[in-house]
Amino acid sequence: MLRIENLRKTFSGNERERITAVSDVSFKVEAGQLFTLLGPSGCGKTTTLRCIAGLEHPDSGKITIDGADVFDDTTGVLVPAYRRAIGMVFQSYAIWPHMTVRENVEFPLTVVARRHRLAAKGRTRLVNEALELMGMGAYAQRPSTALSGGQQQRLALARAIVGKPKLLLLDEPLSNLDAKLRERMRFEIKRLQTELGVTAIYVTHDQGEALALSDEIAIMRDGVIVQQGNPNDIYNQPGSDFVADFIGSANLVFGTCQVAGRVGELIEVELEGGVRASGSATCDLAEGDPVVLVVRPESVKTTPLAEGERAPEGQLIGTVRARIFLGESVDLLVETLGRELRIRVPADSAPYRPNSSVALDISSRRGLVLRDDRTLSLSNKVEDELGLATA
Ligand SMILES: Nc1ncnc2c1ncn2[C@@H]1O[C@H](COP(=O)(O)OP(=O)(O)O)[C@@H](O)[C@H]1O
Ligand SMILES: [Mg+2]
């Protein structure tokens, strides 16, 4: 349905320096899928989306929508935005304040190429359908300035789908809503997308949103895609510590590989503090290699300890610093090995009081072992902090 090949887009910065927003991005999206571009602020998500929409002129690469090239620098093809059959929801919504709700939704239908223009009656029908679908029928005559945040969001969605686009582009559509509404609109968007069967590209920096909504996720960093896969793969098999850290609330514990092993094998590692654990290797590792063990909050076994009690052999001892209620579960922030680990326990488990001691069993074999790329920069940082670098 959508194919992006070697997309590149730079902007002129101040003076002679150029900013590379999108360096080299390629991906394919199957019809009817919800594909998410996930990454930290500034990594090039919006620019990629705007190139697909035809709102930016890429430097090079190729974009194909539904079998038709809409951009190709080698042939000079550049199809204008209004001919791309795309619906877009902008982060800011871009609702026109001087128009009513109905006029806002109708607007895209009045700007399509003249020969495709619909008669007024056809337009009214499409606008009514879109408003009904978003539960906004009763607000059609309201000035668009008299809407709540959630209603503005629905209006923006109605306007994006009114022209029955082949492709729906959503740029951080929930970022302006409060947490509760965000949760609800998440499901509204998924419902809308499945009901319409429309292919969607969803841009967000929120990993929870991406995991909940997507058929496929591409993680971006500095203008390139660093990993792509379904939510399950991305969550369970992050290919780098950047992805592991960015997705979910992974704990990263540093250690050393004990016995060499190949990718996919169970590897034993010795962690700081002398505790041993094991996990699947994400690359080939040699004995003595510095590694990072990625431990999910839900895969640490936790037991409360009485005052003065020691942790069982092979387990870490930690101090509960904070509790975060998540409904059915509680996340504990536990201080151990000089850092905080995030650990998930059922809400009805023993009360873990702040400052009480706990034993942590992280040997579950469910962890992942990555090569520690950061050893150099980390040790530099430590040297900096100790003032050794300048000595
Ligand atoms: N019109 C522009 N002019 C100059 N720099 C831009 C422009 N748009 C985006 N950038 C820069 O390109 C990079 C990627 O931006 P963007 O695509 O908006 O990232 P994201 O949506 O992932 O936060 C950033 O460094 C940003 O400052
Ligand atoms: Mg953006």
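Note: hydrogens, waters and symmetry copies are ignored here, and every other heavy atom, side chains too, is used.
- Looking at R102 and N128, their side chains do bring a donor and an acceptor atom within 3.5 Å of each other.
- Between T256 and D289, every side-chain heavy-atom pair lies at or beyond the 4.5 Å cut-off.
- In terms of modelled atom types and a separation under 3.5 Å, the side chain of T199 and the main chain of A31 share no donor-acceptor contact.
- Shown here for A286 and A260, the closest heavy-atom pair between the two residues is CA-CB, 3.9 Å.
- Residues R339 and F254 are in side-chain contact: their nearest non-hydrogen atoms beyond the backbone lie under 4.5 Å apart.
- Side-chain contact between L177 and M185 is present, with heavy atoms from C-beta onward closer than 4.5 Å.
- At least one donor-acceptor pair under 3.5 Å links the side chain of N104 to the backbone N or O of W96.
- R84 contributes a side-chain N or O that, together with a main-chain N or O of V79, makes up a donor-acceptor pair within less than 3.5 Å.
- Residues L333 and V320 form no side-chain contact, since every pair of their non-hydrogen atoms from C-beta on lies 4.5 Å or further apart.
- A donor-acceptor distance shorter than 3.5 angstrom exists from the side chain of T194 to the backbone of K190, with no hydrogens or angles considered.
- Just one residue in the list I189, V198, I201 forms a side-chain contact (heavy atoms from CB on, under 4.5 Å) with L168, and that residue is V198.
- Residues A130 and V105 come closest through the heavy atom pair CB-CG1, 4.3 Å.
- Note on L332 and V300: same hydrophobic cluster, where clusters join Ile, Leu, Val, Met, Phe, Trp and Tyr whose side-chain heavy atoms are under 4.5 Å apart, directly or indirectly.
- Proximity of C51 to P58: side-chain heavy atoms (C-beta onward) are separated by under 4.5 Å at one or more points.
- Nearest heavy atom pair, residue A53 against residue L169, reads CB-CD1, 3.7 Å.
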Practice prompt. Show the numbers, then the answer: is there a side-chain contact (heavy atoms from CB on, under 4.5 Å) between L305 and V358?
Written response: CA-CA 5 Å; L305 292 176; V358 289; 5.5 Å; no

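- Put simply, the side chain of E309 does not reach to within 4.5 Å of the side chain of S357, judged on heavy atoms.
- Taking CE from M136 and CZ from R154, the interatomic distance works out to 8.0 Å, rounded to the nearest 0.5 Å.
- Considering CD of Q152 and OG of S144, their distance stands at 8.0 Å, rounded to 0.5 Å.
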Item to complete: Applying salt bridge (Lys or Arg N to Asp or Glu O under 4.0 Å), run through R159 and E106 and close with a yes or a no.
Response: CA-CA 7 Å; R159 190 181 54 188; E106 188 169 0; over 6 Å; no

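- No donor-acceptor pair closer than 3.5 Å links the side chain of Q315 to the backbone N or O of P312.
- By the criterion of side-chain heavy atoms lying less than 4.5 angstrom apart, applied directly or through intervening Ile, Leu, Val, Met, Phe, Trp or Tyr residues, L170 is not grouped with V203; the two fall into different hydrophobic clusters.
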Fill in: T36 and L34: CA distance, side-chain angles, deciding distance, side-chain contact (heavy atoms from CB on, under 4.5 Å) verdict
CA-CA 7 Å; T36 296; L34 192 147; 3.5 Å; yes

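- Scanning both residues, K45 and L38, for their nearest heavy atoms gives CD-C, 4.2 Å.
- Both tests do not hold together for R323 against Y352: distance to the six-membered ring centre under 6.0 Å, angle to the ring axis within 45°.
- Under the 4.5 Å side-chain criterion, counting only non-hydrogen atoms from C-beta, S329 is not in contact with V345.
- In terms of modelled atom types and a separation under 3.5 Å, the side chain of T48 and the main chain of G44 share a donor-acceptor contact.
- Annotation: the span from L147 atom CG to R142 atom CZ amounts to 6.5 Å, rounded to 0.5 Å.
- The two residues R342 and D331 have their closest heavy-atom pair at NE-OD2, 2.6 Å.
- Taking 4.0 Å as the cut-off between side-chain N and carboxylate O, K164 and E129 count as a salt-bridged pair.
- Side-chain contact check for E172 and T204: no donor-acceptor pair (N or O, by modelled atom type) lies under 3.5 Å.
- Between T10 and R18, the side chains place a donor N or O and an acceptor N or O closer than 3.5 Å (distance only, hydrogens not considered).
- A salt bridge is defined here as a Lys NZ or Arg NE, NH1 or NH2 lying under 4.0 Å from an Asp or Glu carboxylate O, and R182 with E209 fails to meet this definition.
- We find the CD-CD distance between E216 and Q228 to be 4.5 Å, quoted to the nearest 0.5 Å.
- Side-chain atoms of T64 never come within 3.5 Å of backbone atoms of G67 as a donor-acceptor pair (strictly under, hydrogens ignored).
- Remark: side-chain polar atoms of R371 are paired, donor with acceptor, to backbone N or O of D284 under 3.5 angstrom.
- Seen from the ring of F90, R50 does not count as a face-on cation partner, given the 6.0 Å and 45° thresholds.
- A single hydrophobic cluster is seen to contain both V25 and V70, as judged by linkage of ILVMFWY side chains at heavy-atom distances under 4.5 Å, directly or through other members.
- Ring centers of F35 and F27: under 6.0 Å apart, within the cut-off.
- To the nearest 0.5 angstrom, L174 atom CG is 12.0 Å from R184 atom CZ.
- No donor-acceptor distance shorter than 3.5 angstrom exists from the side chain of T47 to the backbone of V22, with no hydrogens or angles considered.
- Tracing side-chain contacts under 4.5 Å through hydrophobic residues (I, L, V, M, F, W, Y), one never reaches L7 starting from I19; they form parts of separate clusters.
- Side-chain contact between F71 and K62: absent, with no pair of heavy atoms (C-beta onward) separated by less than 4.5 Å.
- Among all heavy-atom pairs drawn from S240 and L370, the shortest one is C-CD1, 3.5 Å.
- Distance alone, capped at 3.5 Å, places no donor-acceptor pair between the D233 side chain and the G229 backbone.
- Rounding to the nearest 0.5 Å places CD1 of I234 at 4.0 Å from CD of Q227.
- In terms of hydrophobic clustering, with Ile, Leu, Val, Met, Phe, Trp and Tyr side chains grouped at heavy-atom distances under 4.5 Å, V77 and I63 are assigned to a common cluster.
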Practice prompt. Tell me, with the steps shown, if V292 and V253 meet side-chain contact (heavy atoms from CB on, under 4.5 Å).
Written response: CA-CA 6 Å; V292 186; V253 189; over 6 Å; no

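- R321 and N355 share a donor-acceptor pair across their side chains, judged by distance under 3.5 Å alone.
- Of the charged side-chain nitrogens involved, none lies within less than 4.0 Å of a carboxylate oxygen, so that E265 and R262 do not count as a salt-bridged pair.
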Worksheet item: Would S175 and Q91 satisfy side-chain contact (heavy atoms from CB on, under 4.5 Å), going step by step from the backbone distance to the final call?
Response: CA-CA 7 Å; S175 59; Q91 189 167 0; 3.4 Å; yes

